[in-house]
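Only heavy atoms go into these numbers, but all of them, side chains included; no hydrogens, no water, no symmetry mates.
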Amino acid sequence: QKEVEQNSGPLSVPEGAIASLNCTYSDRGSQSFFWYRQYSGKSPELIMFIYSNGDKEDGRFTAQLNKASQYVSLLIRDSQPSDSATYLCAVVNSGSRLTFGEGTQLTVNP
Amino acid sequence: KAGVTQTPRYLIKTRGQQVTLSCSPISGHRSVSWYQQTPGQGLQFLFEYFSETQRNKGNFPGRFSGRQFSNSRSEMNVSTLELGDSALYLCASSLAGPQGDTQYFGPGTRLTVL
């Protein structure tokens, strides 16, 4: 079992729709959870982090964390073509190591 | 505040050679982590340095090594290069380390091994 797994892509949504990205992790001792966005040929850039169970909103982005289910998600409301990128879920495990999922490629169609 | 910088941005080497990559963290950041990104394996953790000490290490062979200087700048070295070492090498810095602290990535060094 991979430490961090993301829903397989690619994911395609129309402009203005909600994009839902999911991630599960295996280490119950994980405490910190991050979503990064990576455009083709660029390095990852942080979108959001979440530490506590529940929802965290930042503009059009909402991160959701459920530690009991070992599940993290990212919702992007009113998706724009500029949101087209690969989204990486990252988890700091009990060994203080940041582990990434393989990423979900999102395409927002105008 | 200036971001994380990495040099060089592109490198072409041949099998058997060695390479040194450099990373300058954001001012004030004491933790530097290195990652390898390939299409097949994704982003994989190499090692993390904090205050000149290696604090954590990923599952890479001993050909991969690193160090950190007193000004928090870090270098990583790959010896006896193999074709499979072709990848984007990313460094990320944070104030105190990955746990509970956000990491900011540099632009990466793209290494091609021929």
Side-chain angles (χ1 to χ4, degrees), chain A residues 1-10 21 23-52 56 58 61 63 65 67 72 74 85-105, chain B residues 3-10 21 23-26 29-51 53-60 87-112:
Chain A
Q1 182 188 7
K2 293 182 180 178
E3 285 191 59
V4 180
E5 294 201 57
Q6 296 186 236
N7 51 329
S8 59
L21 304 162
C23 173
T24 58
Y25 59 95
S26 61
D27 185 346
R28 283 197 170 274
S30 300
Q31 294 295 323
S32 308
F33 308 87
F34 302 83
W35 283 99
Y36 284 85
R37 175 175 62 196
Q38 187 173 25
Y39 291 110
S40 180
K42 302 293 186 182
S43 60
E45 57 177 331
L46 181 72
I47 299 174
M48 292 188 71
F49 60 86
I50 186 167
Y51 302 145
S52 304
K56 180 180 179 182
D58 183 1
F61 299 94
L65 173 61
K67 290 185 179 180
V72 191
L74 180 70
T86 296
Y87 289 80
L88 299 163
C89 170
V91 176
V92 178
N93 63 18
S94 54
S96 299
R97 180 182 304 180
L98 187 64
T99 302
F100 286 83
E102 292 191 4
T104 300
Q105 186 178 339
Chain B
V4 180
T5 59
Q6 291 187 247
T7 56
R9 293 292 311 278
Y10 302 91
L21 313 181
C23 171
S24 292
I26 292 171
H29 285 192
R30 296 169 65 188
S31 169
V32 173
S33 297
W34 287 90
Y35 298 86
Q36 180 195 64
Q37 187 173 33
T38 59
Q41 299 296 320
L43 259 166
Q44 291 190 289
F45 172 76
L46 280 156
F47 27 66
E48 186 230 346
Y49 286 87
F50 181 83
S51 293
T53 300
Q54 186 181 86
R55 199 160 61 170
N56 215 331
K57 189 178 189 305
N59 299 321
F60 278 81
L88 179 66
Y89 290 88
L90 292 158
C91 105
S93 79
S94 61
L95 281 168
Q99 189 165 9
D101 197 13
T102 300
Q103 292 194 302
Y104 297 90
F105 283 85
T109 295
R110 185 162 296 281
L111 171 64
T112 301

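Here the side chain of A:Ser43 pairs no donor or acceptor atom with the backbone of B:Gly108 at under 3.5 angstrom. In this structure a side-chain-to-backbone donor-acceptor pair under 3.5 Å is missing from A:Arg97 to B:Glu48.
In this structure, the portion of B:Leu90 lying under 4.5 Å from any heavy atom of chain A is its side chain and not its backbone. In this structure, chain A has no heavy atom under 4.5 Å from any part of B:Gln44. Proximity to chain B (any heavy atom under 4.5 Å) is restricted, for A:Gln38, to the side chain, taken from C-beta onward.
Applying the salt bridge (Lys or Arg N to Asp or Glu O under 4.0 Å) rule to pairs touching residues 30-46 of chain B yields nothing, sequence neighbours excluded.
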task: Starting from the C-alpha separation in whole Å, work towards a yes-or-no answer on side chain to side chain contact (heavy atoms under 4.5 Å, CB included) for A:Tyr36 and B:Gln103.
output: CA-CA 10 Å; A:Tyr36 284 85; B:Gln103 292 194 302; 3.7 Å; yes
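Listed here is the closest heavy atom pair of B:Phe45 and A:Leu98: CB-O, 4.1 Å.
In this structure, the ring of B:Tyr35 has its center less than 6.0 angstrom from the ring center of A:Phe100.
Counted within 6.0 Å of NZ on B:Lys57, heavy atoms from surrounding residues, nucleotides or ligands total more than 12; the atom is thus considered enclosed. Annotation for B:Phe60: atom CZ counts as buried by contact number, over 12 foreign heavy atoms lying within 6.0 Å.
Residues satisfying the ring-ring contact (aromatic ring centres under 6.0 Å, His included) test with A:Tyr25, not counting sequence neighbours, are A:Phe33.
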